[in-house]
Amino acid sequence: MTHWIWEIIFSTDILIRLCLAVRIIMRRRPVGVSLAWLTIVFVFPLAGAVVYLTFGELRLGRRRAVWAAQVRRPVERWLHGLRTRKPVDWTAQGPECEPLAKLTESTFGVPALPGNHLQLIPDTDGVFRWLIADIDAAQRSCQMVFYIWHMGGLADEVAEALCRAAGRGVTCRVLVDAVGSRDFLRGPLARKLREGGVQVVSALPGGLLRAAFVRFDLRMHRKIAVIDGEVAYTGSLNLVDPRYFKQDAGFGQWVDAMVRVRGPAVEGLLGTFLGDWVLEAGEDIESLSATCDFHPLIECGPSVVQVVPSGPLDSSDAILRSLLMAIYSARRELILTTPYFVPDEPLVAALMSAAQRGVDVTLIVPGKVDSRLVRLASQAFKGDLLASGVRVAMFHGGLLHTKSITVDGEFSLFGSLNLDPRSLHLNFEITLVVYDRRFTADLRQLQQSYLEHCELMDLQQCQARSGLQRLAENTARLASPLL
């Protein structure tokens, strides 16, 4: 009897593995990702199947699909209206800008918009002071989405400003990630906000019950705040005062930057927030329209900006296409900053190709990160980059969290996007592609200030790593498509 039971279990396991193998192959994902999942499914009996069904597919749930369809109609009307406005004068931009803008528009549907005023705010205190002042001046609405809200310091002052705004009749909406902001959502500050009239909603809640129906590790990683539908903020900073956040982790204070935006690009940032709000809060788009403060904005500055919201609702490599084209368009200089560098093969090839054709490529990453697996996987790629001529700079002034790319001083990318599989394929992210030499110069100056606190990696020292260290790094590298 026991023999027959084990035969049934064994046969069922083989059948499950074969079915999942066919499913993985037919989904036609990148070869490295497919091979990694096939390895997990075949090496680990039953457990591999559970892991794949939990983490291997982008199951967003039926309710989200219904709400997404509802949001799509007004978004398409807005996009149609954008195309009737004043077009961008591409003759005033570098020759690489228009092709990148066309590719990004064809992928995401959002055109580049002229007439924006951008103010780069390079320090956390400055961001909070500007944001609090704008909330205190708000007359109609304050709407924001963040990955993490951590209590303490200036983040609490933002909460006080929102309560003051709600008290004078301003509509205030706050959307935060359910996992990244778990402590905030369960704590007294969220309760105080709700009691003060601020609407607080959690995005993408997890839990074992939901795991059976939707993929529960997808994260709302965007950082957006919009005031009165006319002023917006985005970048890498969470609602976190770095003096109160992870001070016992041994990485120093987190280093971030944000941009304050006025002009038509604010419409794209607000539209991104409203789409997220409808999906997570379940609020009807028509009833929301009376208080969402979404309206056309006049031109007020020189910057051409393309707002790019990416996430698992898009093609799995949508944002990667734009990123690769930006890198391949570089002719003289390419500077990148990212806290988490776990690239896939096309991204590594693009960076190596740029360096080998004579582009001055500099990658700035933290000297220490808050994930050992990410650190090991990242280290495995750096030797190849160094050998091809890429400068790899290790930042030692804290945990560098700014996500930025400048290309030839002509255009730049700035937002919440990390150079790792999770940001490129799984998280809901926001990126500004800025076709403006002045803003790009300001961002490049910020990048140069980071370099002053960096130590350049040495190729010989990298090659002298012990065999055991290399084995650990290359093993982590095999898992990089799944991180």
Side-chain angles (χ1 to χ4, degrees), residues 94 96 100 120 122 235-236 254-257 259 320 322-369 374-375 377-415 417-420 423-424 431-434 436-463:
E96 298 85 6
L100 175 60
L120 180 64
S236 66
W254 289 41
V255 178
D256 286 284
V259 61
L320 180 61
S322 295
L323 181 60
L324 290 176
M325 185 168 184
I327 293 172
Y328 278 114
S329 70
R331 295 296 176 264
R332 300 183 304 276
E333 181 187 72
L334 177 66
I335 306 175
L336 311 92
T337 71
T338 180
Y340 307 111
F341 181 71
V342 187
D344 55 12
E345 292 179 2
L347 185 53
V348 171
L351 293 172
M352 293 174 63
S353 173
Q356 290 168 344
R357 67 176 181 267
V359 177
D360 184 6
V361 182
T362 303
L363 172 67
I364 308 174
V365 294
K368 295 181 180 179
V369 294
V374 168
R375 180 177 64 81
S378 177
Q379 192 73 14
F381 294 98
K382 291 171 184 173
D384 294 337
L385 294 175
L386 288 168
S388 68
V390 175
R391 287 199 306 166
V392 179
M394 310 296 287
F395 182 81
H396 294 294
L399 198 155
L400 179 62
H401 196 240
T402 303
K403 307 96 168 27
S404 67
I405 301 175
T406 59
V407 181
D408 292 341
E410 296 285 346
F411 67 91
S412 49
L413 288 77
F414 185 80
L417 186 76
N418 296 313
L419 300 182
D420 67 357
S423 273
L424 293 172
T431 303
L432 300 185
V433 186
V434 182
D436 177 56
R437 296 183 181 94
R438 181 178 300 176
F439 176 83
T440 300
D442 291 342
L443 185 55
R444 184 183 180 278
Q445 184 177 1
L446 178 61
Q447 293 172 326
Q448 293 295 325
S449 73
Y450 294 152
L451 277 173
E452 295 175 2
H453 301 278
C454 288
E455 175 187 358
L456 294 178
M457 286 190 68
D458 180 76
L459 178 59
Q460 291 183 344
Q461 290 181 353
C462 185
Q463 292 173 337

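Basis for what follows: all heavy atoms, side chains included, without hydrogens, waters or symmetry-related copies.
- Asp408 and Ser329 make their closest contact through OD2-O, 3.9 Å (heavy atoms, listed as atom of the first residue, atom of the second, distance).
- Residues satisfying the ring pair (Phe, Tyr, Trp, His ring centres under 6.0 Å) test with Tyr450, not counting sequence neighbours, are Phe395.
- Checked options Ile364, Val407, Val390, Val361; the residue passing with Leu336 is Val361 (criterion: side-chain contact (heavy atoms from CB on, under 4.5 Å)).
- For residues 385-394, every residue pair satisfying the side chain to side chain donor-acceptor pair (under 3.5 Å) rule, not counting sequence neighbours, is listed here: Thr362-Arg391.
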Are Cys454 and Met394 close enough, and set up right, to give a side chain to side chain contact (heavy atoms under 4.5 Å, CB included), and what steps lead you there?
-> CA-CA 5 Å; Cys454 288; Met394 310 296 287; 5.8 Å; no
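- When the side chain to side chain donor-acceptor pair (under 3.5 Å) test is applied to Thr431, no partner is found at least two apart in sequence or on another chain.
- The two residues Pro339 and Leu400 make their nearest non-hydrogen contact at CB-O, 3.1 Å.
- Side chains of Thr402 and Asp256: no donor on one and acceptor on the other come within 3.5 Å.
- In terms of heavy-atom proximity, Ala354 sits nearest to Leu334 at CB-CD2, 4.5 Å.
- No side-chain donor-acceptor contact under 3.5 Å links Ser423 to the backbone of Leu419.
- Here the NE2 atom belonging to His396 is positioned 4.5 Å from the CD atom belonging to Glu455, to the nearest 0.5 angstrom.
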Evaluate the criterion side chain to side chain contact (heavy atoms under 4.5 Å, CB included) for residue pair Arg357 and Ser353; output intermediate values, then yes/no.
-> CA-CA 6 Å; Arg357 67 176 181 267; Ser353 173; 3.3 Å; yes
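- A donor-acceptor pair under 3.5 Å is absent between the side-chain atoms of Ser412 and the main chain of Thr406, judged by distance alone.
- Other residues, nucleotides and ligands contribute more than 12 heavy atoms inside 6.0 Å of the CD atom of Gln448.
- The 12-atom threshold is not exceeded at CD of Glu345, counting heavy atoms of other residues, nucleotides or ligands nearer than 6.0 Å.
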Just do the side chain to side chain contact (heavy atoms under 4.5 Å, CB included) check on Leu385 and Met352 with the steps written out, would you?
-> CA-CA 6 Å; Leu385 294 175; Met352 293 174 63; 3.7 Å; yes
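- Ser404 is linked by a side chain to side chain donor-acceptor pair (under 3.5 Å) to Thr337, Gln447, counting only residues two or more places apart in sequence or in another chain.
- Between His401 and Trp254, the ring planes lie tilted relative to each other; the angle falls in the 30° to 60° range.
- Residue pairs meeting the salt bridge (charged side-chain N to carboxylate O under 4.0 Å, His left out) criterion with at least one partner in residues 438-447, sequence neighbours excluded, are Glu333-Arg444.
- When all heavy atoms are compared, the tightest approach of Ser322 to Leu100 is O-CD1, 3.5 Å.
- Minimum heavy-atom separation, Phe411 to Ala326: CE1-CB, 3.9 Å.
- Every residue meeting the salt bridge (Lys or Arg N to Asp or Glu O under 4.0 Å) condition with Arg437, not counting sequence neighbours, appears here in chain and number order: Glu410.
- The two residues Ala257 and Pro122 make their nearest non-hydrogen contact at CB-CA, 4.1 Å.
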List the steps, then state whether side chain to side chain contact (heavy atoms under 4.5 Å, CB included) holds for Leu120 with Phe414.
-> CA-CA 10 Å; Leu120 180 64; Phe414 185 80; 4.0 Å; yes
